[in-house]
Amino acid sequence: MAQETIFSKIIRKEIPSDMVYQDDWVTAFRDIHPLAPVHILIVPNKPIPTVNDAAAEDEQILGRLFTVAAKIARQEGIAKDGYRLIVNCGEHGGQEVQHLHLHLLGGRPLGAMLAQK
Ligand code: DGP
């Protein structure tokens, strides 16, 4: 079993978060350090550490991350104008929390996809 992170405690509601969605497979809550007016993390309830650890048996769960992202984008009123989904992986990807998660960012024009350096 993967090492648990703070996200598992959020999923189990052992520590507080601004949770916006939860089902049997995924949980979504607002990022504690928002980088845009809407910044929500969508995480599998199962603690998959990184994309490198995603297995064929996880494909339904990983697909659910995207359909829930679309649902939340509609709820937050950002679907029409658009938004960005980001998954960081590993050191070069800038991943801080070792529990795979999808960042949903929107509510303003987000500019270039990457910083220039
Ligand atoms: P990443 O760099 O992709 O691993 O992003 C991790 C994000 O998780 C980062 O934007 C801040 C957020 N985060 C870290 N700890 C907490 C927490 O305890 N609560 C919430 N809501 N967000 C957290």
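FYI, side chains are in, hydrogens and waters are out, and symmetry mates aren't considered; it's all heavy atoms of this structure. Order of appearance sets the numbers: ligands from 1, and atoms from 1 within every ligand.
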| task | Would you please test His39 and Leu104 for side-chain contact (heavy atoms from CB on, under 4.5 Å) and show each step? | result | CA-CA 6 Å; His39 187 172; Leu104 166 63; over 6 Å; no

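- Glu14 CD: more than 12 foreign heavy atoms inside a 6.0 Å radius.
- With respect to the salt-bridge test (charged N to carboxylate O, under 4.0 angstrom), the residues Arg12 and Glu4 qualify.
- When only modelled atom types and interatomic distance are considered, Gln22 and Thr27 share a side-chain donor-acceptor pair under 3.5 Å.
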When you check ligand 1 against the protein, what N or O pairs turn up below 3.5 Å? List the atom names and distances, or just say none.
from	atom 1	to	atom 2	distance (Å)
ligand 1	2 (O)	Gly94	O	2.9
ligand 1	2 (O)	Glu96	N	3.3
ligand 1	3 (O)	Asn88	ND2	2.9
ligand 1	3 (O)	His101	NE2	2.8
ligand 1	3 (O)	His103	NE2	2.8
ligand 1	4 (O)	Glu96	N	2.7
ligand 1	4 (O)	Val97	N	3.0
ligand 1	4 (O)	His101	NE2	3.1
ligand 1	5 (O)	His101	NE2	3.2
ligand 1	5 (O)	His103	NE2	3.3
ligand 1	10 (O)	Asp31	OD1	3.1
ligand 1	10 (O)	Asp31	OD2	2.5
ligand 1	21 (N)	Arg30	O	2.9
ligand 1	21 (N)	Ile32	N	3.4
ligand 1	22 (N)	Ile32	N	3.2

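- With sequence neighbours excluded, no residue forms a ring pair (Phe, Tyr, Trp, His ring centres under 6.0 Å) with Tyr83.
- For Arg64 and Asp23, the salt-bridge test passes: some basic side-chain N is under 4.0 Å from an acidic carboxylate O.
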